[in-house]
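Right, one structure below, let's go through it.
Atom set for the values below is all heavy atoms of this structure, side chains included, hydrogens, waters and symmetry mates excluded.
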Amino acid sequence: MVTLKEISNYINDDMLQTIYETREDEICELRSTENIERNTILKENPMDYDRLLLIIQNLPPHFCNTREAIIKALEEYTKRENALTSYANEKFYKAGFCDGIRTIIETLKQN
């Protein structure tokens with residue numbers, strides 16, 4: 001079994017971060033099949049930030065303070081969720097990369 005210490009001889013956190021950042025834009029690019037899948041998901045789940053914001057803004061005038069508080073909370077929630085999603089994506093990409101390195105090293109050791 002390959003240990004993290006053995007992998008650290010080949011890759012370190014700085015190198016892993018550089019690889020992730022280099023690959024990040026390419027990973028985020030939508031290919032045509034991915035775009036079709038994304039559009040299907042959007043059609044099945046039509047609620048988006050702009051639509052939700054419009055609903056909130058259409059609250060009766062006497063809810064002015066409540067409306068502003070809801071919009072502020074929604075923006076803070078969206079910012080937090082985006083940060084958490086970004087963190088999780090980076091974590092899983094890096095973990096997958098390390099798993100790939102482990103697999104390669106283990107395979108080479110067996111040959």
Side-chain angles (χ1 to χ4, degrees):
M1 170 110 179
V2 177
T3 65
L4 288 174
K5 185 176 180 183
E6 290 173 307
I7 290 175
S8 69
N9 294 332
Y10 300 96
I11 189 163
N12 59 37
D13 286 340
D14 291 337
M15 184 186 298
L16 188 57
Q17 184 65 28
T18 300
I19 292 167
Y20 175 75
E21 289 172 359
T22 301
R23 191 93 161 86
E24 187 175 23
D25 289 336
E26 185 180 327
I27 291 169
C28 292
E29 255 180 51
L30 290 177
R31 289 163 180 64
S32 60
T33 56
E34 292 170 333
N35 201 27
I36 292 168
E37 290 174 28
R38 183 179 183 277
N39 287 338
T40 300
I41 293 169
L42 291 174
K43 281 181 187 175
E44 292 171 357
N45 303 282
M47 184 58 69
D48 63 9
Y49 179 84
D50 291 333
R51 189 170 174 197
L52 188 56
L53 190 59
L54 183 62
I55 291 168
I56 295 167
Q57 288 171 339
N58 284 322
L59 288 171
H62 60 278
F63 286 109
C64 184
N65 290 339
T66 304
R67 181 185 313 122
E68 290 172 11
I70 292 170
I71 290 171
K72 183 178 178 186
L74 177 61
E75 289 172 356
E76 289 173 6
Y77 172 79
T78 301
K79 184 178 178 180
R80 184 194 77 172
E81 289 303 304
N82 287 340
L84 287 171
T85 299
S86 177
Y87 171 77
N89 288 342
E90 183 175 341
K91 175 184 170 186
F92 287 111
Y93 175 82
K94 288 178 178 180
F97 185 85
C98 288
D99 290 344
I101 294 293
R102 278 190 205 104
T103 302
I104 291 168
I105 293 171
E106 190 63 37
T107 301
L108 291 173
K109 281 183 169 184
Q110 291 175 5
N111 290 332

* Do the side chains of Ile56 and Leu52 get nearer than 4.5 Å, heavy atoms only? -> yes
Those residues at least two apart in sequence (or on a different chain) that pass side chain to side chain contact (heavy atoms under 4.5 Å, CB included) with Asp14 are Asn12
**Asked** So does Tyr77 have more than 12 non-hydrogen atoms from other groups sitting under 6.0 Å from OH?
**Response** no
Less than 3.5 Å apart, which donor and acceptor atoms pair up between the side chains of residues 82-98 and the rest of the protein, not counting sequence neighbours?
from, atom 1, to, atom 2, distance (Å)
Asn82, ND2, Thr78, O, 3.4
Thr85, OG1, Glu81, O, 2.9
Asn89, ND2, Thr85, O, 3.4
Glu90, OE2, Lys94, NZ, 2.7
Lys94, NZ, Gln17, OE1, 2.3

Can you confirm whether Leu74 sits close enough to Lys79 that some side-chain heavy atom of one is under 4.5 Å from a side-chain heavy atom of the other? no
For Phe63, the ring pair (Phe, Tyr, Trp, His ring centres under 6.0 Å) test, sequence neighbours excluded, returns none
Just so I know, are the side chains of Leu59 and Ile70 near enough to count as touching, which here means a heavy-atom distance under 4.5 Å? yes
Tightest non-hydrogen contact, residues Met47 and Ile55, listed as CE-CD1, 3.8 Å
Rounded to the nearest 0.5 Å, the CD atom of Glu37 sits from the CG atom of Asn39 at a distance of 10.5 Å
Here the pair of heavy atoms bringing Arg67 nearest to Pro61 is NH2-CA, 3.7 Å
Rounding to 0.5 Å, atoms CG (Asp99) and CD1 (Ile104) come to a distance of 11.0 Å
- [ ] Using a 4.5 Å cut-off on heavy atoms from C-beta on, say whether the side chain of Arg51 contacts that of Leu54.
- [x] no
